[in-house]
Amino acid sequence: MKIEPEHPEELLPWYANDTLTGEEMQKVEDHLRNCGQCRQELAWLQQLRQQVKGLQPLESPGELVRAKLLREVRSQPRRQRVQWWQAALAASLAVIVIQGAVIFRLSGPGNMQVAAAPIGSLPGQEALVRIRFKPTATETQIRQALRVINGAVVDGPGDSGVYYVRLEGLDTTQPFEIQDAVQRLKTASPVVLDVGTELLS
Amino acid sequence: MTPGVGQEVEEAGALLVRIARGEIRALEFFYDAYHARVYSFALKRLSNTADATEILNEVMHEVWRSASRFEGRSRPLTWVLGIAHHKVIDRLRQRGRTAHDELDLDHVADESPGMAEAMTGAQDADRVRRCVERLPDIQRLMIHLAFFDDLSYPEISEIASVPVGTVKTRVFHAKQALKRCLGSLMSGE
């Protein structure tokens, strides 16, 4: 008695949508060569797939939800995405810096002044400029101020009215470049209340 | 030309990295790329536009909060629809329905539908739409993921958090139900 090969019926939908690979695809193709019933089933599935793809796309409330989402996200406090090991590393570095300062002070000339170095980012970090504008600042004035430093807003303004700005085209690992941009902003824009920098890991 | 799957994955993956860094602009791009599919996914399960809209908002908030957890082991689409799936399950639970209500559908006996009528019926878009709409939520979703989104069964398994065998069985039963429906619409004319 001839034993009929098992129809790979459960695989046919995935053959029809072209996502089968390797042995399974080969198995289906081998079977299809000799099975009219499965070829008919496949033709039906392909027809069905075409019709499902052609069904009227469901209208997504795209813009409404988009506006709501962005408003809510902007109003949230900025997250510091620092991993535990980064926090531990930062703490270790802080200890080393403090120890170094103490040793330097104990061993160095008593009246020597150590200048505070401006902030610069380390590899894997991003230095952002934190700006608070006067409440009366118009959108045009804010845009003008951002143009001075070639800045792009990446977050804000939150409840505190703070904008976080990335300095485009600037090597933020170079501390003095950031300091220079901050200085230019303070000088050029009358609507800036205060400016700072922040490292984002 | 539409970008290939590889390019889409690469671009969306890069967006998720930027979102993880807190870039709102990247979230906007990600939203624009995926909102329609997330909304469509939720609506297929919930059959309620207000609920589907809320799910879309919740999913995108989750993307904003959890982008750093995306490890690139699956496609971004699979990852985001997986988030949507869990939100939908929560919503169904709130409504007093559970996934178990739908599991029984996997064991419904199928009568043999007439292939000739089903073939003819599948050529008519309106009949296909009516029959797809009559499917139980879970089967309608499976058909949508398999034939609208062209996802593989392992991807659907990941999204729906069910074994691959369950995905195959559900699609099999959905297919049989569609055949029966199309066949009966044809013979009823």
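Just so you know, these numbers use all the heavy atoms, side chains as well, and skip hydrogens, waters and symmetry mates. Order of the sequence lines sets the chain letters (A, B, ...), proteins ahead of strands, with each chain counted from 1.
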- [ ] Decide side chain to side chain contact (heavy atoms under 4.5 Å, CB included) for B:Asp150 and A:Asp18; before the verdict, give the C-alpha distance in whole Å, the side-chain angles of both, and the deciding distance to 0.1 Å.
- [x] CA-CA 8 Å; B:Asp150 281 338; A:Asp18 204 22; over 6 Å; no
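- Of the two parts of A:Gln50, neither the backbone nor the side chain holds a non-hydrogen atom closer than 4.5 Å to a non-hydrogen atom of chain B.
- Shortest non-hydrogen contact noted between B:Lys175 and A:Trp44 is CG-CZ3, 3.4 Å.
- The nearest pair of heavy atoms linking B:Ile24 to A:Leu70 is CG2-CD2, 3.8 Å.
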- [ ] Applying side chain to side chain contact (heavy atoms under 4.5 Å, CB included), run through A:Glu41 and B:Lys179 and close with a yes or a no.
- [x] CA-CA 11 Å; A:Glu41 173 84 8; B:Lys179 277 186 196 168; 2.5 Å; yes
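- If you measure heavy-atom distances from A:Gln46 to chain B, you find no contacts under 4.5 Å at all.
- For a residue to count as touching a neighbouring chain, one of its non-hydrogen atoms must lie under 4.5 Å from one of that chain's; by this rule A:Leu69 touches chain B with backbone and side chain alike.
- Residue B:Tyr31 touches chain A through its side chain alone, counting heavy-atom pairs closer than 4.5 Å.
- Put simply, the residue from B:Val171, B:Thr169, B:Val164 that forms a side chain to side chain contact (heavy atoms under 4.5 Å, CB included) with A:Glu10 is B:Thr169.
- Contact tally against chain B (heavy-atom pairs below 4.5 Å) for A:Arg66, A:Lys68, A:Glu72: the top residue is A:Arg66.
- In this structure, the separation between CG on B:Leu182 and CD on A:Gln47 is 10.0 Å, given to the nearest 0.5 Å.
- Here the CD1 atom belonging to B:Ile156 is positioned 7.5 Å from the OG1 atom belonging to A:Thr19, to the nearest 0.5 angstrom.
- For chain B, no part of A:Leu12 is nearby; none of its heavy atoms comes within less than 4.5 Å.
- No part of B:Asp126 comes within reach of chain A, as not one of its non-hydrogen atoms sits under 4.5 angstrom from that chain.
- Annotation: side chain of B:Tyr153 is in contact with side chain of A:Glu24 (closest heavy-atom distance under 4.5 Å).
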- [ ] Might you work through the side chain to side chain contact (heavy atoms under 4.5 Å, CB included) test for A:Glu9 and B:Gln176, ending with a clear yes or no?
- [x] CA-CA 11 Å; A:Glu9 218 176 338; B:Gln176 298 300 90; 4.3 Å; yes
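- Side-chain N or O atoms of A:Asn17 include one that pairs as donor or acceptor with a backbone N or O of B:Leu151 at under 3.5 Å.
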Open item on the list: Go through it in stages, so that I can follow the logic: the residues are A:Arg74 and B:Glu28, the test is salt bridge (Lys or Arg N to Asp or Glu O under 4.0 Å), and I'd like the CA-CA distance, side-chain angles, deciding distance and then a yes or no.
Closed with: CA-CA 12 Å; A:Arg74 284 188 176 121; B:Glu28 290 182 58; 3.6 Å; yes
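- Taking all atoms of both residues into account, the shortest heavy-atom contact from A:Gln51 to B:Asp124 is NE2-N, 3.7 Å.
- Of the listed residues (B:Glu54, B:Arg18, B:Arg25, B:His35), the one with the most heavy-atom contacts under 4.5 Å to chain A is B:His35.
- Of all heavy-atom pairs between A:Ala16 and B:Phe147, the closest is CB-CE2, 4.5 Å.
- In this structure, chain A has no heavy atom under 4.5 Å from any part of B:Glu155.
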